[in-house]
Amino acid sequence: MTESQKIELRTHLNNELASLNGTSETALETEYSMEYTADDIDYASQLTQRNLNLALAERASSKLSQLEVALKRIDSPEYGECEACGEHIGMARLKANPSTTLCVRCQEERDNGFGACA
């Protein structure tokens, strides 16, 4: 991976982190308590919205952690190389999933249960 690609990727990661930090703060400010309602439909709606908010906050937190790990690994010589086959992981894949350690082909093989590529 060239130094300009690392700079581009680091900028992308920092932008994603800034965006997620704003989302996380908003999610933390969201109240998760339930209001009393005599109507079962309103209660079910509130419960559904509360669970959705919790799931979104958890997902944002997980992605935030992944981005932070990727930023720490970006200066490693192994960053951007597939841990299974050693091939270069494409820049588009790294931007989409900066914490990935597998190229598309090896990830597909792992997902399909064929193991690492030879």
Side-chain angles (χ1 to χ4, degrees):
M1 177 176 291
T2 67
E3 195 58 39
S4 64
Q5 287 176 320
K6 285 183 181 182
I7 290 170
E8 179 184 352
L9 196 52
R10 188 176 288 114
T11 301
H12 176 73
L13 289 171
N14 284 324
N15 290 341
E16 287 285 318
L17 276 172
S19 173
L20 275 177
N21 279 330
T23 303
S24 295
E25 289 170 11
T26 303
L28 288 175
E29 292 169 2
T30 303
E31 190 166 324
Y32 296 114
S33 64
M34 303 282 293
E35 293 179 21
Y36 173 76
T37 179
D39 187 0
D40 288 342
I41 294 173
D42 287 343
Y43 178 76
S45 178
Q46 283 182 27
L47 187 60
T48 301
Q49 187 61 50
R50 178 181 171 269
N51 290 337
L52 177 63
N53 289 342
L54 287 170
L56 288 173
E58 185 177 315
R59 184 174 181 191
S61 175
S62 175
K63 186 164 183 175
L64 191 63
S65 296
Q66 290 175 358
L67 291 172
E68 289 169 347
V69 167
L71 266 175
K72 290 177 185 173
R73 287 183 37 232
I74 200 165
D75 289 321
S76 166
E78 294 87 27
Y79 186 76
E81 290 181 8
C82 178
E83 69 180 15
C85 68
E87 293 293 320
H88 176 71
I89 299 172
M91 196 65 167
R93 177 161 171 77
L94 288 171
K95 280 185 175 181
N97 185 3
S99 62
T100 191
T101 58
L102 298 173
C103 67
V104 172
R105 188 182 73 205
C106 291
Q107 184 67 55
E108 285 177 353
E109 289 177 0
R110 182 173 285 174
D111 292 344
N112 292 328
F114 296 120
C117 61

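Residues: numbered from 1 along the sequence shown.
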**Report entry** Heavy-atom neighbours of Gln5 CD exceed 12 at 6.0 Å
**Finding:** yes
Query raised in the report: Looking at side-chain heavy atoms only, is the closest gap between Ser45 and Gln49 below 4.5 Å?
Result: no
Report summary line: Those residues at least two apart in sequence (or on a different chain) that pass salt bridge (charged side-chain N to carboxylate O under 4.0 Å, His left out) with Arg73 are none
Report task. Could you grab the distance from atom CG of Leu9 to atom CG of Asn14, nearest 0.5 Å is fine? Result -> 10.0 Å
Requested in this report: Applying side chain to side chain donor-acceptor pair (under 3.5 Å), run through Asp42 and Gln46 and close with a yes or a no.
Outcome: CA-CA 6 Å; Asp42 287 343; Gln46 283 182 27; over 6 Å; no
Report task. May I ask whether Leu102 and Ile74 are part of the same hydrophobic cluster, defined by side-chain heavy atoms of I, L, V, M, F, W, Y residues being less than 4.5 angstrom apart, directly or through others? Result -> no
Query raised in the report: Quick one: are Asp111 and Gln107 in side-chain contact, heavy atoms under 4.5 Å?
Result: yes
Query raised in the report: Rounded to the nearest 0.5 Å, how far does CG of Leu94 lie from OG of Ser99?
Result: 9.5 Å
Report summary line: Taken to the nearest 0.5 Å, the spacing of Ser76 OG from Glu81 CD works out to 8.5 Å
Report task. Tell me, yes or no, whether the heavy-atom count around Ile41 atom CD1, taken from other residues, nucleotides or ligands under 6.0 Å, exceeds 12. Result -> no
**Report entry** Ala44 backbone acceptor or donor facing Thr48 side chain under 3.5 Å
**Finding:** yes
Query raised in the report: Taking all non-hydrogen atoms of both residues, which atom of Pro98 and which atom of Tyr79 are closest, and how far apart?
Result: O-OH, 2.8 Å
Query - Short side-chain to backbone donor-acceptor contact, Thr11 and Ile7, under 3.5 Å - result: yes
Report task. Might you work through the side-chain contact (heavy atoms from CB on, under 4.5 Å) test for Arg110 and Cys106, ending with a clear yes or no? Result -> CA-CA 6 Å; Arg110 182 173 285 174; Cys106 291; over 6 Å; no
Query raised in the report: Are any of the side-chain heavy atoms of Ile89 and Thr101 separated by less than 4.5 Å?
Result: no
Report task. Kindly compute the distance separating CG (Leu64) from CG (Leu20), expressed to the nearest 0.5 Å. Result -> 5.5 Å
Query raised in the report: Looking at CG of Leu17 and NE2 of His12, how far apart are the two atoms once the value is rounded to the nearest 0.5 Å?
Result: 10.0 Å
Query - side chain to side chain donor-acceptor pair (under 3.5 Å) contacts in which one or both residues fall within residues 85-95, not counting sequence neighbours - result: Glu8-Lys95, Arg93-Thr100
Query raised in the report: Mind checking whether Cys82 and Arg105 have side chains closer than 4.5 Å, heavy atoms only?
Result: no
Query raised in the report: Which is it for Arg10 and Asp75 under the side-chain contact (heavy atoms from CB on, under 4.5 Å) test, yes or no, and what are the steps along the way?
Result: CA-CA 10 Å; Arg10 188 176 288 114; Asp75 289 321; 2.5 Å; yes
